[in-house]
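Presented below is the structure to which this report refers.
Counting starts at 1 for both ligands and their atoms, following the listed order. None of the values given here were measured: they were computed from a predicted structure.
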Amino acid sequence: RQNPVIATVGEILVEFVSHQKNCGLKTIADYSGPYPSGAPAIFLDQAARMGARTEMIGGVGDDGFGHAVLDRLNADGVGTRGVTVDDSRSTGTAFVSYYDDGSRDFIFHMAETASDHFKVPQGLLDLGQTILHVSAASLGNARMRGPILETMRAVDAAGGKICCDPNARPELMRDLAARDALEEAMERSTYLMPSTSDLDFLFPDLSEDAAIEKLLQSKAEIIVIKRGAAGATVVSGAERHEFRGHKVEEIDPTGAGDCFGGTFIALLAQGASLFEAGTMANAAGALAVTRRGPMEGNSAPSELARFLDAKKSESAT
Ligand code: ATP
Ligand code: MG
């Protein structure tokens, strides 16, 4: 397998971030944005920045928001031939506001926007040479679920690989169709990248090690456990790597998981070892939380190298 293309099918959004905490989007506050967003788009933008070949499949409106995020993806080298620019619908939006305990409230406007009304272009992907990333959050949208599952089955049947971030939010897990879709995506995945809270929702009765064992019993070869500020763990066969979280000032944690995943999969696709890919991804996730805006925290390889150098000299002194 030579330099596969990493692809995603899913939402492209812009996000507005409240500068006021603890008000749950209910009070008048200053916001900044439009920040480019959408979990699959954040993932793929970071994969492109790490040098991977990428194809984004999704939709934006032919409006300022749509062009803001499309311009960003293009500037960062994401393949956007599969992005539908729709002049009859507006771009999907998200609003976020944080609480002091780190939790957050979101309002999404995605249904019936350009973000969930796109076509998957035929012939864009060389299916057998594709790594398709499925972000479980997208499976909660009834309109996108079909195209995502179809693409996933086609990639799987052609000998390509599936990678899944099982963002198992409770509202998603209560939706039976979404839950079935997530189960199928996980069963077809070679790479699984749950966070610790995803494991709690998926396997409430299992210890973490038992949950990892269970995940490895199906098709998955590489499991990444994302631990927020505590770092991450990568498990594959007899290999296990622990990555301690870097000490950083957390400004905006949204997007860290996608940034981690995009870094990790992009490096593996280009032949890096699990240790190298995990080290860079753990640094990318840490850097991601230090900047406001979900995609603003994405980094180039040179920034990651500088960050890791600075951390090394910190720990040496
Ligand atoms: P998302 O909010 O995008 O869904 P997630 O829950 O999937 O994120 P996290 O565990 O929050 O994923 O973050 C992904 C990775 O980023 C972590 O495994 C870790 O490597 C890094 N990271 C996240 N938050 C911090 C932090 N506060 N300090 C240092 N590293 C962090
Ligand atoms: Mg998180």
Side-chain angles (χ1 to χ4, degrees), residues 8 10-11 13 15 17 35-47 50 94 96-106 108 133-140 163-173 182 191-202 208 222-235 241-265 267 274-299 303-304 307-308 310-311 314-315:
T8 62
E11 69 275 19
L13 304 170
E15 186 168 304
V17 181
Y35 293 110
S37 189
I42 299 165
F43 174 97
L44 210 58
D45 179 84
Q46 179 61 18
M50 296 309 294
V96 65
S97 179
Y98 290 97
Y99 294 87
D100 282 330
D101 68 2
S103 64
R104 59 198 165 181
D105 281 354
F106 274 110
F108 285 100
H133 174 64
V134 177
S135 174
S138 315
L139 298 172
C163 146
C164 179
D165 180 345
N167 232 311
R169 291 171 295 129
E171 64 275 20
L172 185 77
M173 302 305 282
L182 173 58
Y191 313 95
L192 284 171
M193 305 190 286
S195 63
T196 44
S197 62
D198 298 336
L199 288 183
D200 293 340
F201 282 118
L202 291 166
E208 184 183 298
I222 296 170
I223 313 285
V224 176
I225 311 295
K226 294 174 289 180
R227 305 183 188 281
T233 301
V234 174
V235 182
H241 303 279
E242 304 287 353
F243 301 96
R244 289 247 301 275
H246 294 290
K247 285 204 171 52
V248 292
E249 190 194 352
E250 186 173 297
I251 305 287
D252 183 351
T254 302
D258 302 309
C259 179
F260 181 107
T263 306
F264 186 73
I265 298 299
L267 289 175
L274 290 177
F275 179 74
E276 282 173 280
T279 300
M280 295 293 268
N282 189 43
L287 266 178
V289 306
T290 64
R291 296 179 209 133
R292 180 181 279 146
M295 199 188 284
E296 305 313 296
N298 283 359
S299 311
E303 291 171 86
L304 298 182
F307 176 79
L308 283 168
K311 288 293 171 192
E314 254 174 48
S315 63

Hey, is ligand 1 close enough to [X] that some N/O pair sits below 3.5 Å?
X: I225; result: no
X: G257; result: yes
X: D165; result: no
X: E250; result: yes
X: G228; result: yes

Rounded to the nearest 0.5 Å, what separates atom CZ in R292 from atom OG1 in T254? 11.5 Å
Under-4.0 Å heavy-atom contact with ligand 1, by part of [X] that carries it:
X: H246; answer: backbone
X: R104; answer: side chain
X: S195; answer: side chain
X: V248; answer: side chain

Checking [X] side chain against [Y] main chain: does a donor-acceptor pair fall under 3.5 Å?
X: K247; Y: K311; answer: no
X: E249; Y: T290; answer: no
X: R227; Y: F243; answer: no

Numbering the atoms of ligand 1 from 1, which are under 4.0 Å from a heavy atom of G255?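 Counting from 1, the qualifying ligand atoms are 3 (O).
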Can you see which heavy atom on N282 is nearest to which on R244, and at what distance?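 Closest approach of N282 to R244: ND2-O, 2.9 Å.
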